[in-house]
Amino acid sequence: MEHDRTPDEYEQARLAKLEQLRQMGVDPYGGKFSGAEALQAIADKYDPNHEDQIVCGAGRIILLRDIGKLIFITLRDRTGTLQAGLSKKMLGDAWAVARLLDLGDHIGVEGMLGRTKTGEITIWANTLTLLCKATLPPPEKWHGLQDVELRYRRRYVDLFSNPQVLATFQDRVAIIQTIREFLQDRGFLEVETPMMHPIAGGAAARPFITHHNTLDIDLYLRIAPELYLKRLLVGGLERVFEINRNFRNEGISTQHNPEFTMCELYQAYGDYHDMMDLTEELICLLVSRRSEDMKLDFNGRSIDYTPPWPRKTYAELFAEHVGCEMSDSAAVRQKARSLEIGEANMDDTVVVNEIFEHTVEDKLINPTFVIDYPAALCPLTRRRKDNPNVAERFELFISSMEIGNAYTELNDPAVQEENFRLQLRGQEETMATMDEDFIQALKYGMPPAGGLGIGIDRLVMLLTDSPSIRDVILFPQMRPTE
RNA sequence: GGGGGUGUAGCUCAGUCGGUAGAGCAACGGCCUUUUAAGCCGUGGGUCGAGGGUUCGAGUCCCUCCGCCCUCACCA
């Protein structure tokens, strides 16, 4: 539909100008433009005592004021904005080009760096080079692009018309860079493991299925890199991490996108307490770069990241917020019924977890480590030595969102194999495949280790006060338009 | 999948009780050599998301469908 659209009056007008430019011998799509300095750098070197500096800049026209024989243009590049003054007298033949400029075009100008009567730093152009004629108009200059659907579908327009959106994605880049540096400083090696898995493992989620023609096998887009990163532990990469996409074929919401970015890391000879220390240190570092007092607003609420963060056991939080012990099966069942949880066909552990998710998680606003999960929920986790029903696992909650998930990794191949068997029982065929190779890897010996996963998108949401995951993913998944 | 909201000009938005479809920006034409979201004069621009229904008459009321947003459910 988009392709068949007949040009509207706006596009027609610009196409007509484009044709005029071609007839004048001007390439409306320009080419390499050498010598342009960053606009901010140009503005910075303005010197009222030397208004004879010749400078060269390029950018997109975001505002245009036509005063007759003089046109003022606000140019923007990656560094900022700067005014260009185009006068009929100074441009000569190129004045004809100037008169055909529109909002959204890219141009390059060269000329003297000066000021206007009102003090605005301005490049008084001697030459004007058209670098790209835009044949569709930008959104309204006051409000930018507001329509949420269009913002996601045409993120390129969102980015150039809403400066705050660009700033958020620049923040995202900086955050991820800081995470990389933090981990590299601690001796973690960044690796890339397969995105296409013959067996979808490392998490319980419905995978996307694809097919390799030559091998004639189905493959799954990975739901987690965990099992491959642990193979690397076996291989001797004692500190390893990966920041990359996971794919889960599940619901879409303000906290879920089918593809999302996860940072997973593994540290040999560590445990989940080390992972808590590391998580707290990392996130506090990120927060400290954006906040003087370790507080950041999210969704209209102030979140206090001041360490140390509480580390409370699952059982403790359950008793505190639910009002009964999780071991009290009768009370737990009664509570479940009062929450309208269909508990009849569920194991006690599952019922407890349902109640936990309904009752406890939305109370966890400031960063909180929930530790020591029921072992039955954690097939990849080592059990506590003093209590085999409890797994050495934590989840980090901030603003009721699960931000991190970590364990002391299970490295006993026999226990791992048994856990897989229990997990596979009763599951759908597509998800029920034993990863024999992973068990084999464990048999060669995986050092005891702490492992951690941090949901990067959700973390960026918190750090940039973005209420939806779509606001921190450049191209969120949308239903295609027909 | 359930519930709620929303869809009007390129963009941002009004549109009352059912009675000729509106504004700003943008566009087009004109004036203007120091503007600052430039200003002034003039002109054009609509499948009111799609389809059906009620009505003398529907942007408005009803039904179906579609997109998007929120929310619940689902979701180690």
Side-chain angles (χ1 to χ4, degrees), chain A residues 1 5 7-17 62-74 81-91 95 98 102-104 114-122 124 134-154 157-158 161-162 201-207 223-224 226 248-256 258 260 299 340-342 349-350 353-354 356-358 373-381 391 393 395 402 405 407 419 423 427 431 453 467-468 470-471 476-482:
Chain A
M1 162 185 160
R5 195 175 57 84
D8 59 29
E9 61 169 314
Y10 298 90
E11 194 170 0
Q12 296 275 17
R14 285 167 182 249
L15 287 169
K17 290 178 184 175
I62 59 167
L63 292 170
L64 187 152
R65 298 171 288 280
D66 181 352
I67 314 294
K69 296 186 180 65
L70 182 63
I71 298 172
F72 287 106
I73 279 172
T74 304
T81 62
L82 187 61
Q83 178 165 274
L86 311 181
S87 82
K88 182 178 184 184
K89 198 172 177 182
M90 291 173 73
L91 283 179
W95 179 245
D102 285 303
L103 295 175
R115 274 189 156 165
T116 62
K117 278 181 185 170
T118 51
E120 179 90 10
I121 298 173
T122 300
W124 295 105
T135 53
L136 286 174
E140 205 235 19
K141 64 187 176 188
W142 293 15
H143 306 90
L145 189 64
Q146 296 298 317
D147 184 280
V148 177
E149 182 175 355
L150 280 183
R151 285 185 44 224
Y152 297 148
R153 291 193 189 278
R154 301 183 196 170
V157 178
D158 192 27
S161 65
N162 295 325
R206 200 170 349 147
I223 56 176
E226 172 150 356
R248 297 187 182 177
N249 201 344
E250 287 165 2
I252 295 175
S253 78
T254 50
Q255 292 173 37
H256 301 81
F260 62 100
N299 269 345
E340 295 181 337
I341 294 169
T349 319
V350 178
N353 198 46
E354 287 284 319
F356 189 93
E357 289 178 358
H358 276 84
Y373 275 68
L377 300 172
C378 315
L380 297 161
T381 310
R393 171 186 184 181
E395 287 193 0
E402 182 193 333
N405 182 17
Y407 341 119
N419 287 353
Q423 185 189 13
Q427 286 202 12
M431 295 171 68
S468 169
R470 298 179 201 95
D471 295 326
Q477 195 56 243
M478 301 285 278
R479 189 181 298 274
T481 51
E482 293 279 354

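Numbered from 1 within each chain, the chains take letters A, B, ... in sequence-line order.
Residue-to-nucleotide contacts include no donor-acceptor pair under 3.5 Å from the side chain of A:S87 to the base of B:U33. Contact of A:Q83 with B:U35 (side chain to base): a donor-acceptor pair of N or O atoms is detected under 3.5 Å.
An OP1 or OP2 oxygen of B:A26 is reached within less than 4.0 angstrom by a side-chain nitrogen or oxygen of A:K141. In this model, the phosphate group of B:U71 is not approached by any side-chain N or O of A:H256 to a distance below 4.0 Å at OP1 or OP2. Taking only side-chain nitrogens and oxygens, A:R65 comes nearer than 4.0 Å to OP1 or OP2 of B:A38. For the OP1/OP2 pair of B:C66 and a distance below 4.0 Å, the side-chain nitrogens and oxygens of A:R479 include no atom meeting the criterion. Between B:C70 and A:R470, a contact under 4.0 Å exists linking OP1 or OP2 to a side-chain N or O.
A straight line from NZ of A:K88 to P of B:U35 spans 20 Å, rounded to a whole angstrom. Atom CG of A:L136 and atom P of B:A26 are 17 Å apart (whole Å). If you measure from atom CZ of A:R153 to atom C1' of B:G67, you get 6 Å, rounded to the nearest angstrom. Between the CD1 atom of A:I252 and the C1' atom of B:A73 there is a distance of 15 Å, rounded to whole Å. Between the CG atom of A:L63 and the C1' atom of B:A26 there is a distance of 12 Å, given to the nearest Å. Whole-Å rounding puts the A:D158 CG to B:C11 P distance at 14 Å. As rounded to whole Å, 5 Å separates atom P of B:C32 from atom NZ of A:K69. Taking atom CG of residue A:D147 and atom P of nucleotide B:C11, one finds them 8 Å apart after rounding to whole Å.
The P atoms of B:C68 and B:A27 are separated by 31 Å, rounded to the nearest whole Å. With both ends at atom C1', the span from B:C61 to B:U55 equals 10 Å, rounded to whole Å. Across B:U35 and B:C40, the matching P atoms stand 15 Å from one another, rounded to whole Å. With both ends at atom C1', the span from B:U43 to B:G3 equals 48 Å, rounded to whole Å. Rounded to a whole angstrom, the distance from the C1' atom of B:C48 to that of B:U20 is 15 Å. Taking the C1' atom of each, B:G19 and B:U12 are spaced 28 Å apart, rounded to whole Å. B:G2 and B:A9 are spaced 29 Å apart, taking the P atom of each and rounding to whole Å. Comparing B:A14 with B:G52, their C1' atoms are spaced 28 Å from each other, to the whole Å.
Here the closest non-hydrogen pair linking A:R248 and A:A224 is NH2-CB, 4.3 Å. Residues A:L145 and A:N162 approach most closely at O-ND2, 2.8 Å, considering heavy atoms.
If you find the closest nucleotide of RNA chain B to A:S468 and to A:F72, the one lying nearer the 5' end belongs to A:F72. Both A:E354 and A:Q477 lie close to RNA chain B; mapped to their nearest nucleotides by heavy-atom distance, the more 5′-ward contact belongs to A:Q477.
Nearest to the side chain of A:W142, among B:U12, B:U35, B:A37, sits B:A37. If you check B:C69, B:A26, B:U35 against the side chain of A:E120, the one that comes closest is B:U35. Looking at the side chain of A:E140, the nearest of the listed nucleotides B:U12, B:C68, B:U34 is B:U12. Side-chain proximity of A:M478 to the nucleotides B:C25, B:U33, B:C69 is greatest for B:C69. Nearest to the side-chain atoms of A:Y10 among the listed nucleotides B:U33, B:A37, B:A27 stands B:A27.
Identified under the salt bridge (charged side-chain N to carboxylate O under 4.0 Å, His left out) test for residues 136-148 of chain A, with sequence neighbours left out: none.
Listed by chain and number, the residues in a side-chain hydrogen bond (donor to acceptor under 3.5 Å, both in side chains) with A:R14 amount to none (sequence neighbours excluded). Contacts of A:Y152 classified as ring pair (Phe, Tyr, Trp, His ring centres under 6.0 Å), with partners at least two apart in sequence or in another chain: none. The salt bridge (Lys or Arg N to Asp or Glu O under 4.0 Å) check on A:D471 picks up A:R151, with sequence neighbours excluded. For A:Y373, the ring pair (Phe, Tyr, Trp, His ring centres under 6.0 Å) criterion is met by A:Y314, not counting sequence neighbours. With sequence neighbours left out, the side chain to side chain contact (heavy atoms under 4.5 Å, CB included) criterion links A:T116 to A:F72, A:Q83, A:T118, A:E120, A:T122, A:W124. Residues forming a salt bridge (Lys or Arg N to Asp or Glu O under 4.0 Å) with A:E402 (at least two apart in sequence, or on another chain): none.
The CG atom of A:L70 sits 10.0 Å away from atom CZ of A:R65, with the distance rounded to the nearest 0.5 Å. For the atom pair A:D158 CG and A:Q146 CD, the distance stands at 9.0 Å (nearest 0.5 Å). The line from CD of A:E395 to CG of A:N405 is 4.5 Å long, rounded to the nearest 0.5 Å.
Residue-level contact check: A:W124 touches the bases, meaning some heavy atom is under 4.0 Å from a base atom. Within the 4.0 angstrom heavy-atom criterion, only backbone atoms of the sugar-phosphate kind lie near A:T254; the bases stay farther away. Using a 4.0 Å heavy-atom cutoff across all strands shown, A:I71 reaches no nucleic acid atom at all. Among the heavy atoms of the strands, none lies under 4.0 Å from A:P138. Residue A:Y152 is in sugar-phosphate contact alone, with no base atom involved, counting any heavy-atom pair closer than 4.0 Å across all strands shown. Residue contacts shown for A:G85 are absent, as no nucleic acid heavy atom lies under 4.0 Å away.
Side chain of A:E226 to main chain of A:G201: no donor-acceptor pair is present (N/O by atom type, distance under 3.5 Å, no hydrogens or angles).
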Nucleotides 28-31 of chain B: which of its N/O atoms have a protein N/O under 3.5 Å away?
residue: B:C28; atom: OP1; partner: A:K17; partner atom: NZ; Å: 2.8

For RNA chain B, what dot-bracket results from Watson-Crick or G-U pairs at under 3.5 Å, with [ ] for crossers and | for inter-strand partners? (((((((..((((.....[..)))).(((((.......))))).....(((((..]....))))))))))))....
